[in-house]
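Note sheet for the following structure.
Read the numbers this way: they start at 1 and go in the same order the structure lists the ligands and their atoms.
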Amino acid sequence: MKPVIVVHHHEITLKRDNRSYFEKQLMKNVRTVLLGFCKTFVLRGGYGRFVIEEIPEEQVEAIAQRLTQVFGLANICIGVKVNQNIEEFCSVAERLLTGRKFSTIKVETKRPDKRFPLTSVEVNTQVGAFLCVKFGVRANLKQPDEILFIEIVEGVAYVYRSKMQGAGGLPVGVSGKVLSLLSAGFDSPVASWRMMKRGCNVNFVHFHSMPYTSQYSVDQVKQLVKILTEYQFQSRLFTVPFADLQNEIVLQAPQHLRVILYRRFMIRIAETIARQRRAEALITGEAVGQVASQTLRNIRVIDEAASMPILRPLAGMDKEETMHTARLIGTHDISKEPYDDCCSFLAPRNPATWATMGEVVDAESKLNVPQLVELAWSKTTSEIFLVQQLQKEKQVDE
Ligand code: ATP
Ligand code: MG
């Protein structure tokens, strides 16, 4: 009896036309995760799920846990591979359930391999009856405490219990590329993660005001990118020196418009990067009404600087909801560290909460916009983060 992991696909079944494309990407992503644990393994597809075999027994739990971070999976099950034999189903089921507390059970069999003589209903009944007697429990098909799964396929069978909940969403990579404006705060990492969950490959751009702000906040952003890379396996972070441009705005524009002008420039520079990276949209962590720069009006004025769509996955979220997700995905503890944000550098006391397009256009007419964008872009650097590399670093740390 060998341990196996069975993972079921999430939304893929709904998207008929793209199904094989989605499955291929999902398989590629699962393979990347497995390679982080072992050099060899068997990964097989079909029937809306993958079966993972030939993995080291002592790693099974850790691999299953890691797979809960892979978008596109509905659930992850640990079980064993057995012969197509009802006695074996019973004895394995007994072993899997021994030591667990439950008073009701359901057996769920699938039998794509019709060479097996019993129907799935017959298998359910026979194995179910055996377990009821063995453990002194009752069958309950609606709300069982435990479910035992049996899959009879291609000359073998898989028996497994319980499901770890998968991350859901779509496999990273199937929806194309976006560029996320990432700060060290709580919101933008969560917004980025949400887009990964919708199958996007997320590139990152961070603006810093060094030497007026410290290297520390840039490092914090890199820490965040490392965590987010666990969900998409490979990331690219662009770092833009923003201080010169901010100085120019401070010199030339009215104080109350500074933050909006910073933002409009961020968007323009981000678009230059996005075009170069063939990204389809920009992402920010803005939520309506959260701070002065995020009133509906200011969002609109910021949008006018863009020709690409700006998606704001957190637009309708409360801070509490965002913090909850930040904890779940592992970015919370980094975001909670104090950092000096480039927008608080030279921030006005009373920022405009309801800017008009007219005054913004007027203020920008005193600036050489294309030249400032070009200058910042020419000083932009980029760095690639690979999940394999990060895993090795982690092992060294441990
Ligand atoms: P966050 O928690 O993401 O910092 P926030 O609620 O603090 O968001 P702001 O600081 O006003 O709000 O930023 C709004 C959005 O603008 C951020 O979510 C992020 O997408 C983008 N942004 C802000 N500062 C930067 C920066 N230094 N580099 C890149 N993007 C930034
Ligand atoms: Mg912020």
Side-chain angles (χ1 to χ4, degrees), residues 178-195 202-210 212-222 224-225 227-228 236-243 245-246 258-274 279 281-296 298-299 301-303 305-306 308-327 329 331-348 351-353 355 376 380-382:
V178 295
L179 177 67
S180 178
L181 283 78
L182 187 70
S183 73
F186 287 106
D187 300 326
S188 39
V190 172
S192 310
W193 179 85
R194 291 217 154 268
M195 296 313 294
V202 181
N203 284 236
F204 301 98
V205 56
H206 176 66
F207 298 85
H208 68 79
S209 315
M210 272 163 49
Y212 306 104
T213 57
S214 70
Q215 172 68 35
Y216 182 69
S217 55
V218 178
D219 291 342
Q220 235 168 314
V221 167
K222 288 187 187 180
L224 290 168
V225 173
I227 290 175
L228 292 168
R236 192 186 280 261
L237 167 67
F238 292 85
T239 313
V240 186
F242 205 48
L245 204 155
Q246 284 176 292
R258 272 180 204 168
V259 175
I260 289 189
L261 295 180
Y262 294 166
R263 280 292 139 73
R264 281 169 59 90
F265 273 98
M266 281 188 188
I267 294 295
R268 292 185 179 108
I269 297 162
E271 264 198 10
T272 311
I273 298 169
L282 302 180
I283 311 300
T284 77
E286 288 159 310
V288 172
Q290 187 161 279
V291 290
S293 60
Q294 298 175 21
T295 60
L296 272 184
N298 287 358
I299 285 178
V301 172
I302 292 165
D303 258 24
M308 252 180 207
I310 304 176
L311 304 181
R312 299 177 169 89
L314 310 187
M317 306 259 284
D318 286 351
K319 196 78 185 181
E320 269 312 304
E321 293 168 305
T322 301
M323 305 276 267
H324 175 77
T325 310
R327 273 189 206 97
I329 67 178
T331 55
H332 176 277
D333 287 357
I334 298 170
S335 297
K336 84 169 195 285
E337 295 294 319
Y339 60 94
D340 23 68
D341 186 53
C342 76
C343 289
S344 31
F345 161 63
L346 301 178
T353 51
T380 298
T381 54
S382 88

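Near T284, meaning under 4.0 Å from one of its heavy atoms, ligand 1 places the atoms 20 (O). Under a 4.0 Å criterion applied to the non-hydrogen atoms of G285, ligand 1 contributes the atoms 17 (C), 18 (O), 20 (O). The atoms of ligand 1 that sit less than 4.0 Å from any heavy atom of E286 are 14 (C), 15 (C), 18 (O). If you number the atoms of ligand 1 from 1 as listed, the ones under 4.0 Å from a heavy atom of V205 come out as 29 (C). Here is the list of ligand 1 atoms found below 4.0 Å of a heavy atom in F186: 2 (O). Taking a cut-off of under 4.0 Å to the non-hydrogen atoms of D187, the atoms of ligand 1 that pass are 1 (P), 2 (O), 3 (O), 5 (P), 6 (O), 8 (O).
Side-chain contact check for S183 and S188: at least one donor-acceptor pair (N or O, by modelled atom type) lies under 3.5 Å.
Nearest-residue assignment for atom 25 (C) of ligand 1 (options A191, S183, S180; heavy-atom criterion): S183. Atom 10 (O) of ligand 1 has its nearest heavy-atom neighbour, among H208, R263, Q294, H206, in R263.
Within the 3.5 Å criterion, the main-chain N or O of D318 finds a donor-acceptor partner in the side chain of T322.
Contact detail for V205 and A270: the closest heavy-atom pair is CG1-CB, 4.3 Å. Closest approach of N298 and A355 over heavy atoms only: OD1-N, 3.0 Å. Taking every heavy atom of both residues into account, P313 and I283 meet most closely at CD-CG2, 3.8 Å. A pairwise comparison of heavy atoms in E286 and I302 identifies OE2-CD1, 3.9 Å as the closest pair.
Heavy atoms of M266 found under 4.0 angstrom from ligand 1 belong exclusively to the side chain.
The neighbour count for Q215 CD, taken as heavy atoms of other residues, nucleotides or ligands under 6.0 Å away, is above 12.
Considering backbone and side-chain N/O of I283, none are found under 3.5 Å from N/O of ligand 1.
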